[in-house]
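See below for the structure under consideration.
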Protein chains: 2
Amino acid sequence: MNKLTGDVKGRRVAMVCGVPMDVENCPVRDVMDNIGGKWNSLMILSLADGALRFSELRRLIPDISQRMLTQTLRDLQRDGYISRTVFPTQPPSVEYALTDLGRSLLGLLKHFVDWSVANHGAIRSARGVYDAAS
Amino acid sequence: MNKLTGDVKGRRVAMVCGVPMDVENCPVRDVMDNIGGKWNSLMILSLADGALRFSELRRLIPDISQRMLTQTLRDLQRDGYISRTVFPTQPPSVEYALTDLGRSLLGLLKHFVDWSVANHGAIRSARGVYDAAS
DNA sequence: AGTTGATGGTCTCTTTTTGAGACTTGCTCT
DNA sequence: AGAGCAAGTCTCAAAAAGAGACCATCAACT
């Protein structure tokens, strides 16, 4: 059985699968914050088949506000998942594409998509049971 | 090349990896909402080694508020990832454990943990580059 | 017999995040 | 001249998250 807590710099923190779930220094939380955000993973999946422009993404995901689209793209760019290239056309066009890191994450996300499709029914029915009981 | 949009019940929606990213009927969004939440995946990982009680979870993850702990557990229970068992002790104790569905998701999450640890450095450095430039 | 601590929560209040939608600047098309 | 597109920004309202007090019940100390 795994140890569930450990000491990091004197503070007692949760250990999960051998990784400290420390608030400040946790790789998993760093990644989860990105794939976890409401739009982040959807964005990476949307860029799976190639680069897209701002307005193409907006049309592709109609229920995202422009504000969140901008912010999501910035966040993903900051963490190195996507690149942003401005072309000096008139008006300037901006293209977003996955980086190597982004494509690497995409590999994981695809497993998620498969899992989701396979288990969607189970989740829906669990939800139904729970809602009926309460 | 994959088609990026398709029609679902007359509405035009994004298609990603062959799955409609439709707002109302999207398996991926349903799952992402759960693993995506700030605490959800951490909770499932915390239960990886066996059942835990409410207060054990609270101690294990010191930076979660009781309010969010309750809510996260309810959400995960509702979707069938964890079970909640009340023991008639005095005072009553409550045990949370992964269901089969939860353990199945755990399998995926572990790949995430591995990926996170492996790529944490790249993310941190991308972030540093971005922050220095802006 | 009174205080303390544990149990598993709920309630309220404040702060942070998100969403909806108007507005911008420069250029092209009609 | 008027409309529309490019890639956003700005403001304000709504929703979600966090902090922390509070609850009832029981056991163990003092």
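Chain letters run A, B, ... following the sequence lines, proteins first and then strands; every chain starts at 1.
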Heavy-atom side-chain contact between Leu109(A) and Ile44(A) under 4.5 Å: yes
Any Phe54(A) side-chain heavy atom under 4.5 Å of Gln66(A) side chain: yes
Arg103(A) side chain to Leu98(A) backbone, donor-acceptor under 3.5 Å: yes
Donor-acceptor pair, side chain of Thr99(A) and main chain of Gly80(A), under 3.5 angstrom: yes
Distance check needed: [N] [atom2] versus [X] [atom1], whole Å only.
{"X": "Gln71(A)", "N": "dT9(D)", "atom1": "CD", "atom2": "P", "result": "10 Å"}
{"X": "Met68(B)", "N": "dG20(D)", "atom1": "CE", "atom2": "C1'", "result": "15 Å"}
{"X": "Lys38(A)", "N": "dA16(D)", "atom1": "NZ", "atom2": "P", "result": "8 Å"}
{"X": "Trp39(B)", "N": "dA16(D)", "atom1": "CH2", "atom2": "C1'", "result": "14 Å"}
{"X": "Leu57(A)", "N": "dG8(D)", "atom1": "CG", "atom2": "P", "result": "11 Å"}

Qualifying side-chain hydrogen bond (donor to acceptor under 3.5 Å, both in side chains) pairs, either residue in residues 69-80 of chain B, two or more places apart: Arg127(A)-Asp79(B), Asp131(A)-Arg78(B), Asn34(B)-Asp79(B)
Show me the donor-acceptor pairs, under 3.5 Å and distance only, between side chains in residues 111-118 of chain B and residues at least two apart or in other chains.
unit_1, atom_1, unit_2, atom_2, d
Trp115(B), NE1, Ser104(A), OG, 2.7
Trp115(B), NE1, Asn119(B), OD1, 3.4
Ser116(B), OG, Phe112(B), O, 2.6

All stems with DNA chain D, defined as three or more consecutive Watson-Crick or G-U pairs under 3.5 Å: C:1-30 with D:1-30
Atom pairs, protein N/O to nucleotides 5-7 of chain D N/O, distance under 3.5 Å:
unit_1, atom_1, unit_2, atom_2, d
dA6(D), O3', Arg53(A), NH2, 3.3
dA7(D), OP1, Arg53(A), NE, 3.2
dA7(D), OP1, Val94(A), N, 3.1
dA7(D), OP2, Ser55(A), N, 3.1
dA7(D), OP2, Ser55(A), OG, 2.6

If you round to the nearest 0.5 Å, how far is [atom2] of [Y] from [atom1] of [X]?
{"X": "Trp39(A)", "Y": "Ser46(A)", "atom1": "CH2", "atom2": "OG", "value": "10.0 Å"}
{"X": "Met43(A)", "Y": "Ile35(A)", "atom1": "CE", "atom2": "CD1", "value": "14.0 Å"}
{"X": "Asp63(B)", "Y": "Arg58(B)", "atom1": "CG", "atom2": "CZ", "value": "13.0 Å"}

Contacts of Pro92(B) that satisfy side-chain contact (heavy atoms from CB on, under 4.5 Å) - sequence neighbours left out: Val86(B), Gln90(B)
Span of DNA chain C, from the first to the last nucleotide whose atoms fall under 4.0 Å of chain A heavy atoms: dT18(C) to dC27(C)
Arg53(A) to Glu56(A) - nearest heavy-atom pair and separation: N-OE1, 2.7 Å
